[in-house]
Amino acid sequence: MSFLLNNIVELTVTGLVLGAVYGLVALGYTLVYGVLQLINFAHSEVWMYGSFAAVWVTVALGVAPGGPVLTAIGVLLLALLAAMTVSGGIALLLERVAYRRLLRLEAPKLVALISAIGASFFLAELMGLRDRVVDFFGLRDALDPFVRSARDNTRFLNPLETQGLFSIGRYTVSNVDVIIIVGAILMMVGLDQFIRRTRTGRGIRAVAQDSEAAALMGVNRDRVIRATFLVGGVMAGAAALLYLMRFGVTRWDAGFLLGVKAFTAAVLGGIGNVRGALLGGFVLGLAENYGSALVGSQWRDVVAFLLLVVILLFRPTGLLGESLGRARA
Amino acid sequence: MTDKTTPAGATAARKPAAAQKRRGWDRGALGRRLGALPTPVKVLLMALLVLLLYALPLLDLPILSTPDTDFGAVLFTVASYVLVALGLNVVLGYAGLLDLGYVGFYAVGAYTVAVLGSFQAQLSWWMLIPLAVIITTISGVLLGAPTLRVRGDYLAIVTLGFGEIIRLTALNSAWLGEARGITKIPRPPSLELFEIPNLSWDGFTAFVDLDNTTKFLVFGVADQAPYYWLALTLIFLVLGADRMLRLSRIGRAWEATREDEDAAELMGVPTFRFKLLAFATGAFIGGLSGALFASRQGFINPISFPLLLSILFLAAVVVGGAGNRWGVILGAAVVAYLPERFRGFEEWRLLVFGLALLLLANFRPQGLLPPRRTRRVQAVEEELDALEEGTARA
């Protein structure tokens, strides 16, 4: 208990950082669920590919930490762009390969889940075997720095040096902490406005409410679905870069646990609810940190899942309820 | 009704004919021919099939057998997947509850045997199996009682959490052996009656290998065939019970709950109680399978129960065709056997497995062997489509 109270600021800040990443990944789950009522199991792989894209940008540019700040920001923006592009692309690919046919057939949801699980295995294994794939095409010499030790942790060298900005109590909040939390909130506000104000956003809400009626009113359902996947993927790409800036490593199988947590966050906030995703992410991140300070860090995931069970028992539709469709016009 | 797949230009006259043909699928041509056989022949065929299943590890058939791992061990793995899949089929196929943490029950069964058989107490094997099953069933009820009230999709994530909680609890409690796991788990008691020689193969010619024999019912380390026989026997028992449940009032109540919960409730089916019963039955079978796994393995640790295993079990049920016990068996066999058979490709096998799941889901969405009901519904829907189109034209 005293450990929790003595370190409350640090635990809160790191919890919020973690929660911001959860929240951004949770968006992908929540959007797809809101529109299609499907659990997009392969969304974790979308995030994972984004994280590798960010790493590869820094490897390709050969940046070392501690350069001039402006260069560092430039590199980070480039990495962000790459991560968003790759994640968005993978999400679109998923929609095309794993979902579109099944949606046309109006197959049961479970089958779509299995399809996504298959895609998820395939994508994760492909990343884990990238050295073999490269060998197969005889490109090893050219691509070695990108595919070396494919099954191990891949480190991300953050070009931006971590610096303390200001102190609260005994904890010094760093620039990276601030970038992550503010960045996540900004993206979330942007997305919220996108869904509330733009034409595409209105289409997304319409399809979420009643896809047949929306189609009758002239909404192009297929395009809306594609847009939903794309937006979720782009958010996951941003989350990937933010995650790397703080935690510094990724792996071919890192997506799975993060995906489960992010989905938990989405359910916590109320699945299908865009604002709920960020709130759920923050609540989950904080609860994990406080919980592991109380009962030991090895119980971290147990705390997360117990919290989920308890919240679902008392608020069966999550903290903010399910409202992608019911959002104010 | 949805008729996106049917071309708009199809004439009304052709439609009923197509529906007629579809209804013929109800039982395949092979099924009809088998059904027409006289009863003694049917019984004989069944007996031969059962005998063949029991003899598989001894026969070690050339193409079927696994070159890189002991065939008996692979067969045991397949059998325990089948057992698990039958249990999950009750939850998912019959009652329609999506359980993503089924490995939790499997783990509870295994850990009960391990903890009470070796780690904290030394009970006899005959005590352990019933105890494991009882404790797992209780855990199923304890998990189900609060969570079955939440809506379907949330159940998935809650059960997923349950699976992880069980694994992490085992990983972090000294009482459960932590990461080191538990060793010296009791094996089933042996009785040495006689020896059965195995077949050996040179290319496609078989000869009886008298040096390589399987002692009948010695549960040792080297020869895995007896474990397979034990698992197979349990599968037959579970299949019998499954059939009886399915055809009883309970089975119908499950089906009604799955199809439309509100309607079932209105018709006087206490849906919550039946869902709980399905959960408990599923837990029972999962625990049995886990107990069997632990007593074959002799050693378990938390790594034996990853979340991934739940996903594989789920894949087995859905790939085979949820709701049809034969389909589920086929699915489990496919999911367990294929990666073992192609162990030669070691690194690529999960990649290929993922691709296979993706393709199966997309091109065979109803599962390999869909339940008869699904096929019937399909036929009826098509007929209705034809009728609707007919009236619209008239």
Side-chain angles (χ1 to χ4, degrees), chain A residues 33 37-39 41-42 97-102 104-126 128-129 132-133 151 253 256-257 260 263-264 266-268 271 295-296 298-302 304-310 312-313 316-318 322, chain B residues 2 4-5 92-93 96 98 100-101 143 146-147 149-158 160-169 171-173 178-179 306-308 311-312 314-315 317-319 322 347-367 374:
Chain A
Y33 191 91
Q37 282 80 45
L38 287 176
I39 302 172
F41 193 89
V97 176
Y99 287 109
R100 195 178 294 174
R101 197 186 136 81
L102 290 174
R104 291 260 161 83
L105 291 177
E106 309 209 353
K109 288 180 202 172
L110 255 179
V111 177
L113 182 68
I114 294 296
S115 175
I117 288 172
S120 167
F121 275 29
F122 179 81
L123 286 173
E125 284 294 317
L126 189 66
L129 290 166
R132 301 304 157 107
V133 177
R151 289 275 179 191
D253 61 353
F256 185 68
L257 189 62
V260 170
F263 185 64
T264 307
V267 174
L268 261 183
I271 195 156
V295 291
Q298 72 271 32
W299 296 102
R300 181 179 202 100
D301 299 344
V302 176
F305 290 122
L306 278 181
L307 174 79
L308 177 78
V309 173
V310 170
L312 282 187
L313 284 185
T317 50
E322 312 164 344
Chain B
T2 61
K4 276 182 194 151
T5 46
L92 182 72
L98 179 52
L100 286 183
L143 172 68
T147 55
R149 291 180 201 278
V150 300
R151 235 200 33 219
D153 302 299
Y154 290 99
L155 188 68
I157 187 82
V158 171
L160 188 102
F162 167 75
E164 273 300 87
I165 288 174
I166 296 286
R167 187 179 68 83
L168 291 166
T169 308
L171 184 66
N172 294 320
S173 328
E178 294 179 319
L307 204 48
L308 206 66
I311 307 292
L312 284 182
L314 183 74
V317 172
V318 177
V319 163
E347 292 183 306
W348 298 92
R349 66 196 179 119
L350 271 174
L351 184 92
V352 175
F353 178 69
L355 197 61
L357 275 190
L358 185 67
L359 292 177
L360 270 176
N362 275 283
F363 294 101
R364 189 84 189 155
Q366 68 275 48
T374 311

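All chains are named by letter (A, B, ...) in the order of the sequence lines, taking the proteins before the strands, and each is independently numbered beginning at 1. Since the structure is predicted, the reported quantities are computational estimates derived from the model, not experimental observations.
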Against chain B, label A/Leu126 side chain, backbone, both or neither, depending on which of its atoms sit under 4.5 Å from a heavy atom there.
-> both
Result of checking B/Ile311, B/Leu314, B/Val318 against A/Leu113 for side-chain contact (heavy atoms from CB on, under 4.5 Å) = B/Leu314
Nearest 0.5 Å please: distance from the CG atom of A/Leu306 over to the CD1 atom of B/Ile165.
-> 4.0 Å
Scanning both residues in full, the closest heavy-atom pair of A/Leu102 with B/Ala361 reads CD2-O, 3.3 Å
Interchain contact, B/Leu312 with chain A, by part (heavy-atom threshold 4.5 Å) | side chain
Toward chain A, the part of B/Phe363 with a non-hydrogen atom under 4.5 Å | both
Given a strict heavy-atom distance threshold of 4.5 Å, which part of A/Ala107 is in contact with chain B: side chain, backbone, both, or neither?
-> side chain
What pair of heavy atoms forms the shortest contact from B/Ser173 to A/Trp299, and how long is it?
-> OG-CH2, 4.1 Å
Please name the pair of heavy atoms, one in A/Arg101 and one in B/Asn362, separated by the smallest distance, quoted to 0.1 Å.
-> NE-O, 2.6 Å
Greatest number of non-hydrogen atom pairs under 4.5 angstrom with chain B, of A/Ala116, A/Ser115, A/Gly296, falls to A/Ser115
Considering only heavy atoms and a distance below 4.5 Å, find which of B/Pro146, B/Ala356, B/Gly161 pairs most often with chain A.
-> B/Gly161
Interatomic spacing from CG in B/Leu160 to CD1 in A/Ile39 - rounded to 0.5 Å | 9.0 Å
Steps toward side-chain contact (heavy atoms from CB on, under 4.5 Å) verdict (B/Leu355, A/Phe121) | CA-CA 8 Å; B/Leu355 197 61; A/Phe121 275 29; over 6 Å; no
When the 4.5 angstrom heavy-atom criterion is applied to A/Arg151 and chain B, the contacting part is side chain
Is it the side chain or the backbone of B/Leu168 that comes within 4.5 Å of chain A heavy atoms, both, or neither?
-> both
Determine the minimum heavy-atom distance between B/Ala315 and A/Ile114, stating which atoms define it.
-> CA-CD1, 3.7 Å
